[in-house]
Amino acid sequence: MDAAESMARKDQPSPPASADQPAEGLTQREQEVLAFERQWWKYAGAKEQAIRELFGMSPTRYYQILNRLIDKQEAMRADPMLIKRLRKTRAARQRTRAARRLGIELP
């Protein structure tokens, strides 16, 4: 193996942790939250109800936990595509709220 191959392997991200293989640095609950967020929800009310049933907490508390979780490097290593999508969604919502407060109409 030459230096170029060695560098190429080093730059490649590691595969996401599977369901039976715990993600290093994440608690069981954090892993469950990430698994839950991988699902797609057609109706917002269905997701809110599932949060109450599966996690035994209010949706507000769930989203507080989720927001802290998506800022963790361990979560990024566990599922980079999901975390990037969630961060992008959060940033868009923050921009919309800020524009609304300032009276700016976004395109």
Side-chain angles (χ1 to χ4, degrees):
M1 178 185 324
D2 65 2
E5 287 176 289
S6 175
M7 291 301 290
R9 284 188 181 176
K10 194 180 285 187
D11 292 340
Q12 291 178 350
S14 60
S18 64
D20 57 327
Q21 179 184 23
E24 191 172 315
L26 295 178
T27 67
Q28 181 67 30
R29 181 171 76 169
E30 289 172 335
Q31 292 174 37
E32 290 169 0
V33 167
L34 289 179
F36 185 76
E37 282 299 316
R38 283 185 202 103
Q39 301 176 29
W40 290 93
W41 298 90
K42 195 171 189 175
Y43 305 106
K47 184 175 182 181
E48 311 303 318
Q49 185 62 34
I51 289 168
R52 286 185 184 94
E53 291 172 4
L54 291 173
F55 297 104
M57 65 179 75
S58 72
T60 301
R61 180 71 182 132
Y62 170 83
Y63 287 114
Q64 289 170 344
I65 292 168
L66 178 63
N67 274 313
R68 275 199 313 273
L69 176 59
I70 66 176
D71 288 330
K72 287 187 168 186
Q73 281 296 21
E74 294 87 354
M76 180 62 96
R77 283 192 295 271
D79 195 338
M81 291 189 64
L82 173 66
I83 299 303
K84 287 178 186 178
R85 177 175 59 86
L86 293 172
R87 287 179 179 176
K88 185 177 178 179
T89 302
R90 178 178 64 181
R93 288 181 177 148
Q94 288 172 337
R95 275 193 305 276
T96 302
R97 281 193 303 272
R100 193 177 326 129
R101 274 192 302 255
L102 297 171
I104 300 170
E105 189 173 320
L106 293 177

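Below, each value reflects all heavy atoms present in this structure, side chains not excepted, and no hydrogens, waters or symmetry copies. Please read all numbers here as calculations on a predicted model, not as lab measurements.
- With contacts defined as side-chain heavy-atom distances shorter than 4.5 Å, the pair Trp41/Gln39 qualifies.
- Side-chain contact between Lys84 and Met81 is absent, with no heavy atoms from C-beta onward closer than 4.5 Å.
- With sequence neighbours left out, the side chain to side chain donor-acceptor pair (under 3.5 Å) criterion links Gln28 to Glu32.
- Atom CZ of Arg85 has more than 12 heavy atoms from other residues, nucleotides or ligands within 6.0 Å.
- When all heavy atoms of Ala75 and Ile83 are compared, the pair lying nearest together is O-CG1, 3.4 Å.
- Between Gln31 and Leu26, the shortest heavy-atom contact is NE2-O, 3.2 Å.
- Annotation: Gln94, atom CD; neighbour count of heavy atoms from other residues, nucleotides and ligands within 6.0 Å is above 12.
- Residues Arg90 and Asn67 come closest through the heavy atom pair CD-OD1, 3.0 Å.
- Among residue pairs with one or both ends in residues 49-58, those qualifying as side-chain hydrogen bond (donor to acceptor under 3.5 Å, both in side chains) are Gln49-Glu53; sequence neighbours excluded.
- Using cut-offs of 30° and 60° for the angle between ring planes, the Phe36 and Phe55 rings count as perpendicular.
- Atom-to-atom distance recorded for Lys47:NZ and Trp40:CH2 is 9.5 Å, nearest 0.5 angstrom.
- Remark: Leu66 CG to Asp71 CG distance equals 9.5 Å, nearest 0.5 Å.
- The structure places CZ of Arg29 at 4.5 Å from CE of Met57, a figure rounded to the nearest 0.5 Å.
- We find the CG-CD distance between Leu69 and Glu74 to be 9.5 Å, quoted to the nearest 0.5 Å.
- Contact check for Glu37 versus Ile70: no side-chain heavy atoms found under the 4.5 Å cut-off.
- Atoms CE and CG, from Met76 and Leu86 in turn, are 10.0 Å apart once rounded to the nearest 0.5 Å.
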